[in-house]
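So you know, we letter chains A, B, ... as the sequences are listed, proteins then strands, and number each from 1. These figures come from a predicted structure and were not determined experimentally.
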Amino acid sequence: MIDLKYLQNNFDEASARLQKKGVDVSTLENLQNLFASLKEANATLEASKAEQNTMSKLFGQYKRGGKDIAALKAKVDANKERMAPLQEKARVAEEALYSVALAMPNFPDDTVPEGADEDDNVELRKVLEPKTFSFKPKEHWELSEINGWIDFERGVKLAKSRFSVLRGEASRLERALINFFLDTNAQKGFIEHSVPFMNNSAMLQGTGQLPKFEDDLYKIEGEDLYLIPTAEVPLTNLYNDEILAEKDLPVLMTGYTPCFRKEAGSAGRDTRGIIRQHQFNKVEMVAIAHPDKSGEVFEMMVKNASDILTALGLPHRVVELCYGDLGFSAATTIDLEVWLPGQNQYREISSISNTRDFQARRAKIRFKEGKKNKFVHTLNGSALAVGRTIVAIMENYQNEDGSIEIPEVLKKYM
RNA sequence: CGGGAGAUGUCAGAGUGGUCGAAUGUGCCGGUUUUGAAAACCGGUGAGGGUCACACCUCCGGGAGUUCGAAUCUCCCUCUCCCGGCCA
């Protein structure tokens, strides 16, 4: 959640930043008014409560002293009656404020490039040259057919479209990748976690998926549980409503989980192959950092993900997202896009974001600095998306006959 | 799923209607003492809101209720532990 006090006190600056993320001024003015109304309603209510408390204490003294309490009781009752509507007003004001505030995206960093959509993202650098093929490289679904790696039809039979089954060598490759990613992350200091694949609504709100993006999530019927869309949710929320010691920062975590997304609004996009599935595997990095240090942690995470791609011999580029392409919770995001020779284009394989204190406010993750409790910064990033790495290996390591080499670093895992 | 017990501050654990945001111990921070450390002693130490700072308001698992007044009484829910059943 955004800092409402900051919005209140620096409205022009704050609204300019949010407008770049597509929020219009009237919404922000409304938010500002709702915040002011809530403060006013609370002030009135609290004054009334204070009065009530004072009289109640007197009441006790009167009774012990054997004094007549009739007059006092009348006063107390009258005040109580006056308090009821104030209470209701404050409750309504709070509800109104949070319904708007929780739907407000994060402030983008000042360094985020201008732009409306992914075409305006800025390429920072390319790593590794795409190799030239002496034949026309095939797309991964063609290669899958030759090698019998992915069973699309039976995946659909078991579930529905956008589900698939990995078979034989492909399935072993997936397992090898997960282990390789986890081991590499561990070497960089990320502690491995194995977490629940379902989280409750409070956690989803903590990281920003709820309440606004409920339609993208799979909900368990009859329970307050959702299938996680990314391990960012459970890993970040491990510290939900906790206060960390400053010396324990940064907390570096990694974990493998399947991810479940409805992909609502993606109809017609990437319908062939396993680029966009309702269920996919991912190894995630999450960091909880001191606000002064989150920038360095962010760079370290980008480098780690990029190094993994390099170790796999996969050409990629590092891209900084522009305002328009930035996600809801992110203040700044760098995507890693891997080269797919079959598709003849770069495709996202990792997305690393610094949410600053946005998720920390929602999830109440703080640290103790001296006597004060301050919000931490939270960061997350894929290292890496497993399914898309399989696609990248298939397309980059293919031979003319359609057979696929296994990258050297993975051989000991297979 | 059935039976029983419970949920309080970092943790442990008192508190059964007012003077309780909450004893005591422990942990942590600071100090005294010490060549240094330990021990001992002294002081500080929950969270959120509000304020320039106070005042003040809220929070004893969550929600509703009784009462002038609830950690304490009533109801519902959730969770934890023990016993039994079932089971990877």
Side-chain angles (χ1 to χ4, degrees), chain A residues 1-10 31-32 34-98 101-102 194-206 210-211 219-226 234 237-249 251 257-258 288 357-376:
Chain A
M1 193 158 74
I2 60 166
D3 184 352
L4 293 171
K5 276 191 201 165
Y6 166 69
L7 179 75
Q8 190 82 330
N9 299 329
N10 309 276
L31 185 61
Q32 193 185 25
L34 289 169
F35 186 52
S37 312
L38 175 62
K39 282 178 82 167
E40 197 192 316
N42 273 339
T44 319
L45 175 64
E46 281 173 17
S48 183
K49 276 184 176 171
E51 203 180 327
Q52 190 77 357
N53 289 341
T54 311
M55 288 193 287
S56 286
K57 282 200 180 109
L58 255 186
F59 201 101
Q61 289 171 19
Y62 277 30
K63 276 203 122 168
R64 274 194 301 279
K67 292 191 194 170
D68 180 41
I69 54 166
L72 183 59
K73 177 152 169 51
K75 265 177 83 177
V76 164
D77 285 341
N79 188 57
K80 201 180 178 186
E81 214 163 299
R82 260 178 280 131
M83 222 159 71
L86 297 179
Q87 188 105 45
E88 179 62 10
K89 199 177 162 192
R91 195 191 61 77
V92 169
E94 186 170 330
E95 213 173 85
L97 174 68
Y98 282 107
L102 285 173
S194 180
V195 293
F197 300 159
M198 300 177 209
N199 283 189
N200 62 45
S201 55
M203 302 303 113
L204 272 303
Q205 182 172 300
L210 288 179
K219 186 172 189 335
I220 305 298
E221 193 179 333
E223 302 223 37
D224 181 32
L225 287 172
Y226 296 81
N237 281 297
L238 280 173
Y239 294 97
N240 188 300
D241 200 21
E242 293 195 22
I243 301 171
L244 295 149
E246 188 173 359
K247 67 176 166 58
D248 293 334
L249 300 178
V251 177
T257 70
I288 294 177
D357 62 0
F358 184 81
Q359 292 179 326
R361 279 176 194 285
R362 289 177 162 250
K364 299 184 182 68
I365 307 173
R366 294 145 292 168
F367 73 102
K368 212 167 253 304
E369 189 173 67
K371 288 200 157 197
K372 286 211 144 187
N373 296 325
K374 296 176 73 173
F375 288 114
V376 297

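- Shown here are the side chain to side chain donor-acceptor pair (under 3.5 Å) partners of E95(A), two or more places apart in sequence or in another chain: R91(A).
- Residues forming a side chain to side chain donor-acceptor pair (under 3.5 Å) with Y239(A) (at least two apart in sequence, or on another chain): none.
- The side-chain contact (heavy atoms from CB on, under 4.5 Å) search around A245(A) returns K247(A), D248(A), not counting sequence neighbours.
- For M1(A), the side-chain contact (heavy atoms from CB on, under 4.5 Å) partners two or more places apart in sequence, or in a different chain, are Y98(A), A101(A), L102(A), R361(A), R362(A).
- Nucleic acid contact for K247(A): none, since no nucleic acid atom lies under 4.0 Å from a heavy atom of the residue.
- The span of RNA chain B lying next to chain A, judged by atoms under 4.0 Å from heavy atoms, is bounded 5' to 3' by rG18(B) to rG69(B).
- By the salt bridge (charged side-chain N to carboxylate O under 4.0 Å, His left out) test, R366(A) is found to be paired with D241(A), residues two or more places apart in sequence or in another chain being considered.
- Residue contacts for K75(A): at a heavy-atom cut-off of 4.0 Å it reaches no nucleic acid atom on any strand shown.
- With sequence neighbours excluded, the residues that form a side-chain contact (heavy atoms from CB on, under 4.5 Å) with A90(A) are A41(A), N42(A), L45(A).
- Contact check of residues 81-90 of chain A against RNA chain B (heavy atom, cut-off under 4.0 Å) returns no residues at all.
- For K368(A), the NZ atom counts as densely surrounded, since its 6.0 Å shell holds more than 12 non-hydrogen atoms of other residues, nucleotides or ligands.
- Across all strands shown, nothing is found opposite rG50(B) as a Watson-Crick or G-U wobble partner with both distances under 3.5 Å.
- Looking at heavy-atom distances under 4.0 Å, Q61(A) makes no contact with the nucleic acid at all.
- Under a cut-off of 6.0 angstrom, the local environment of CD in E246(A) is crowded, with over 12 non-hydrogen atoms contributed by other residues, nucleotides or ligands.
- Listed by chain and number, the residues in a salt bridge (charged side-chain N to carboxylate O under 4.0 Å, His left out) with K73(A) are D77(A) (sequence neighbours excluded).
- Spacing between rA64(B) and rA70(B) at atom C1', rounded to whole Å, works out to 14 Å.
- Comparing the C1' positions of rG36(B) and rA47(B) gives a spacing of 39 Å, expressed to the nearest Å.
- Pair check for rU78(B) finds rA7(B); Watson-Crick or G-U wobble, both atom distances under 3.5 Å.
- rU24(B) sits 38 Å from rC77(B) when the P atoms are compared, rounded to a whole Å.
- Residue contacts shown for N42(A) are absent, as no nucleic acid heavy atom lies under 4.0 Å away.
- The separation of rU35(B) from rG49(B), taken at their P atoms, amounts to 47 Å, rounded to a whole angstrom.
- With a cut-off of 3.5 Å on both Watson-Crick or G-U wobble distances, the partner of rA14(B) is given as none.
- Spacing of C1' atoms, rG27(B) relative to rC75(B), comes out at 38 Å, to the nearest Å.
- Using Watson-Crick or G-U wobble geometry with both donor-acceptor distances under 3.5 Å, rG43(B) finds its partner in rC29(B).
- Of all nucleotides present, none satisfies the Watson-Crick or G-U wobble test against rG69(B) with each distance under 3.5 Å.
- For the C1' atom pair drawn from rA12(B) and rG17(B), the interatomic distance equals 27 Å after rounding to whole Å.
- With L4(A) as the partner, the side chain to side chain contact (heavy atoms under 4.5 Å, CB included) test is satisfied by one option alone out of L31(A), L38(A), N9(A): L31(A).
- Backbone-only engagement by N373(A) is indicated by non-hydrogen atom pairs under 4.0 Å involving sugar-phosphate atoms exclusively.
- Checking rA38(B) for Watson-Crick or G-U wobble geometry (two distances, each under 3.5 Å) identifies no partner in any strand.
- Nucleotides rG15(B) and rC87(B) are separated by 43 Å at their P atoms, to the nearest Å.
- I243(A) comes within contact range of the sugar-phosphate backbone alone, with a heavy-atom separation under 4.0 Å but no base atom that close.
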